[in-house]
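All remarks here apply to the structure that follows.
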Amino acid sequence: MKILIIQEESRHKKNVEFREGICLFRAFKENNWTPTLWGKGHENFETPPNFNDFDFILNLENYGDEWIPDLSMYKKPLKILWSIDAHCRGEEPYEKIFKNGDYQLLLHSTLDYVKKPHHLWFPNSFCNHKIKNLKLEKKTDLCFVGNHVNRKPLLDFLTGAYGLKQHIFTIGDDMVKKINETTLHFNKNILNDLNYRNFETIGCGTALITDHNHMYDNLGFEDGENIIFYNDLNSLIEKLNYYLDNEEELTRIGKEGERLSCVHTYGERVKKLIKQISNR
């Protein structure tokens with residue numbers, strides 16, 4: 001099957017190989033499909049493909065959609081839209097793109113937004129070609145690799161109380177290295193999402209502590225087994241006080257998280273998606 005993946009190239013040089021579009025390109029190829037990646041910033045952007053040449057078109061989250069051609073006129077391919085950031089932008093922009101482009105399927109990375117027959121849950125994942133256990137020396141007990149967003153007050157508290165190391169806007173290979181070098185990686189999802197750092201952390205074989213929501217329960221995560229959950233500041237403090245004094249437990253949880261990570265790669269996500277769309 002031939003699939004066109006539409007996404008603007010990463011605007012950050014260090015993150016180009018980690019962008020969803022190229023990760024999906026690898027994943028579809030891994031599953032014996034013929035993918036083409038096209039979008040603003042890519043070398044082929046100035047020569048748009050014949051959209052009707054494809055069996056499927058998958059349009060991903062972009063920095064802006066103004067450059068995307070009107071896809072409503074193309075009737076042969078099954079058109080799929082993947083909404084990754086509805087927890088930030090809301091649902092309406094995606095429903096508008098879906099309607100205007102005459103799409104047939106809307107993927108949501110957040111389960112709460114799966115409400116209609118044309119919706120499917122397609123959780124975030126990680127690229128095991130780029131993210132893995134590097135077996136590096138653990139240089140820090142506790143760190144955070146990511147962006148402040150709504151997390152800064154909590155991160156600053158943890159820095160003062162527990163010596164958490166903040167690696168803000170550390171991306172690409174540097175992100176993988178920093179997560180590999182910590183014993184316990186802290187995460188806080190923005191709202192009702194499961195951000196990429198959940199899957200990237202366990203893919204590195206590092207123990208993860210993060211806030212809990214119901215989506216974890218559907219993905220094989222178990223508190224104290226392959227992940228550590230907190231529900232509020234008091235439970236976070238309680239968990240940190242216990243686990244930071246129990247390095248062997250963190251090593252065990254990191255190993256179990258890495259074992260779980262094999263079902264949360266892009267390749268595995270795409271394998272399931274292929275089964276769901278092949279008969280449509």
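- Annotation: side chain of F122 is not in contact with side chain of T110 (no heavy-atom distance under 4.5 Å).
- For the atom pair NE2 of H264 and CZ of F199, the computed distance is 5.5 Å after rounding to the nearest 0.5 Å.
- With no hydrogens or angles considered, no side-chain donor-acceptor pair links N192 and H214 at under 3.5 Å.
- Note: the hydrophobic cluster containing V145 does not contain I209 (ILVMFWY, side chain heavy atoms under 4.5 Å, direct or indirect links).
- Figure legend: R26 and F126 shown without cation-pi pairing, the cationic atom not lying both under 6.0 angstrom from the six-membered ring centre and within 45 degrees of its axis.
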Note to self: Run Y113 and W121 through ring pair (Phe, Tyr, Trp, His ring centres under 6.0 Å) and show every step you take.
What the structure shows: CA-CA 8 Å; Y113 303 126; W121 187 30; over 10 Å; no
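- Residues satisfying the side chain to side chain contact (heavy atoms under 4.5 Å, CB included) criterion with E258, sequence neighbours excluded, are N133, S261.
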Next item on the list: Evaluate the side-chain contact (heavy atoms from CB on, under 4.5 Å) criterion for residues I3 and T34: first the C-alpha distance (whole Å), next the side-chain angles of each, then the deciding distance (0.1 Å), finally the verdict.
Entry: CA-CA 6 Å; I3 185 166; T34 304; over 6 Å; no
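- A donor-acceptor contact under 3.5 angstrom links the side chains of H148 and Q166, judged on distance only.
- No side-chain donor-acceptor contact under 3.5 Å links N231 to the backbone of D211.
- With a 4.5 Å cut-off on side-chain heavy atoms, T265 and S125 do not count as touching.
- Here the straight-line distance linking atom NZ of K177 with atom CG of L136 works out to 6.5 Å at 0.5 Å rounding.
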Notebook entry, point to check: Between K14 and D173, does a salt bridge (charged side-chain N to carboxylate O under 4.0 Å, His left out) hold up when you go through it step by step?
Noted result: CA-CA 7 Å; K14 288 186 175 181; D173 292 330; over 6 Å; no
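- Grouping the Ile, Leu, Val, Met, Phe, Trp and Tyr side chains by contacts below 4.5 angstrom, directly or via other members, places F25 with I277.
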Please report, to 0.1 Å, the donor-acceptor pairs under 3.5 Å made by any side chain of residues 219-229, with sequence neighbours excluded.
{"from": "D223", "atom 1": "OD1", "to": "F229", "atom 2": "N", "distance (Å)": "2.9"}
{"from": "D223", "atom 1": "OD2", "to": "K239", "atom 2": "NZ", "distance (Å)": "3.1"}
{"from": "N226", "atom 1": "OD1", "to": "E222", "atom 2": "N", "distance (Å)": "2.8"}
{"from": "N226", "atom 1": "ND2", "to": "G220", "atom 2": "O", "distance (Å)": "3.1"}

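- Proximity of L120 to V114: side-chain heavy atoms (C-beta onward) are nowhere separated by under 4.5 Å.
- Counting only distance, with no hydrogens or angles, the side chain of T159 and the backbone of L164 share a donor-acceptor pair below 3.5 Å.
- D55 places a side-chain N or O within 3.5 Å of a backbone atom of K2 that can act as its donor or acceptor partner.
- When side chains are defined from C-beta on, F54 does not count as touching M1, because their heavy atoms never get closer than 4.5 Å.
- For the pair W82 and E61, the minimum side-chain heavy-atom distance is 4.5 Å or more.
- No continuous path of ILVMFWY side-chain contacts below 4.5 Å connects F28 to I6, so the two sit in separate hydrophobic clusters.
- Proximity of a side-chain donor or acceptor of S235 to a complementary backbone N or O of D232 within less than 3.5 Å is detected.
- Every residue two or more places apart in sequence or in another chain that forms a side chain to side chain contact (heavy atoms under 4.5 Å, CB included) with S83 is listed here: A86, Y94, L106, H108.
- The main-chain N or O of L71 is found under 3.5 Å from a side-chain atom of K79 such that the two form a donor-acceptor pair.
- Rounding to the nearest 0.5 angstrom, the gap separating the CE atom in M215 from the CG atom in L194 is 4.0 Å.
- Taking every heavy atom of both residues into account, L105 and H118 meet most closely at CD1-O, 3.4 Å.
- In summary, the side chains of T140 and T182 do present a donor paired with an acceptor at a separation below 3.5 Å, with no hydrogens or angles considered.
- Considering only residues two or more places apart in sequence or on other chains, R259 meets the salt bridge (Lys or Arg N to Asp or Glu O under 4.0 Å) condition with E256.
- When the ring-ring contact (aromatic ring centres under 6.0 Å, His included) test is applied to Y196, no partner is found at least two apart in sequence or on another chain.
- Relative ring orientation between F51 and W38 is described as perpendicular, the plane-to-plane angle rising above 60° on a 0-90° scale split at 30° and 60°.
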Check: Going through the checks in order, is the side-chain contact (heavy atoms from CB on, under 4.5 Å) test met by N246 and L250?
Finding: CA-CA 7 Å; N246 288 275; L250 293 178; 6.0 Å; no
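- Every residue two or more places apart in sequence or in another chain that forms a side chain to side chain donor-acceptor pair (under 3.5 Å) with H129 is listed here: E30.
- Using modelled atom types, one side-chain atom of N31 and one backbone atom of A27 make a donor-acceptor pair closer than 3.5 Å.
- With no hydrogens or angles considered, a side-chain donor-acceptor pair links N187 and N195 at under 3.5 Å.
- Partners of D102 under the salt bridge (Lys or Arg N to Asp or Glu O under 4.0 Å) rule, at least two apart in sequence or in another chain, are K75.
- Heavy atoms only, all atoms of each residue included: C143 and K178 are closest at SG-O, 4.1 Å.
- Between the side chains of N189 and Y216, at least one donor-acceptor pair of N or O atoms lies under 3.5 Å.
- Side chain of Y63 to backbone of R11: a donor-acceptor contact under 3.5 angstrom is found.
- For residues 136-150, the set of pairs meeting the salt bridge (Lys or Arg N to Asp or Glu O under 4.0 Å) definition, not counting sequence neighbours, comprises K139-E181.
- In this structure, N128 contributes its side chain and G203 its backbone to no donor-acceptor pair below 3.5 Å.
- Follow the hydrophobic side-chain contacts under 4.5 Å out from V176 and you reach I202 in the same cluster.
- Both I97 and I68 are members of a single hydrophobic cluster when ILVMFWY side chains are connected at heavy-atom separations under 4.5 Å.
- Judged as a salt bridge (Lys or Arg N to Asp or Glu O under 4.0 Å), and not counting sequence neighbours, D112 has no contacts.
- For the pair E8/H42, no side-chain contact is recorded, criterion being any heavy-atom separation below 4.5 Å from C-beta on.
- For the atom pair CD of Q7 and CG of N62, the computed distance is 5.5 Å after rounding to the nearest 0.5 Å.
- Listed for the N180 side chain is a donor-acceptor partner under 3.5 Å among the backbone atoms of K132.
- Atom CG of L58 is separated from atom CD1 of I80 by 5.5 Å, given to the nearest 0.5 angstrom.
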Notebook entry, point to check: Hey, mind stepping through H185 and T201 against side chain to side chain donor-acceptor pair (under 3.5 Å) and telling me if it holds?
Noted result: CA-CA 7 Å; H185 187 231; T201 300; 2.9 Å; yes
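- Looking at I237 and F157, their side chains come closer than 4.5 Å, going by heavy atoms from C-beta outward.
- The ring-ring contact (aromatic ring centres under 6.0 Å, His included) search around H12 returns F169, not counting sequence neighbours.
- The salt bridge (Lys or Arg N to Asp or Glu O under 4.0 Å) test applied to E9 returns no partner, not counting sequence neighbours.
- The CZ atom of F186 sits 11.5 Å away from atom OH of Y162, with the distance rounded to the nearest 0.5 Å.
- No side-chain heavy atom of I84 sits under 4.5 Å from any side-chain heavy atom of L107.
- For T251, there are no side chain to side chain donor-acceptor pair (under 3.5 Å) partners two or more places apart in sequence or in a different chain.
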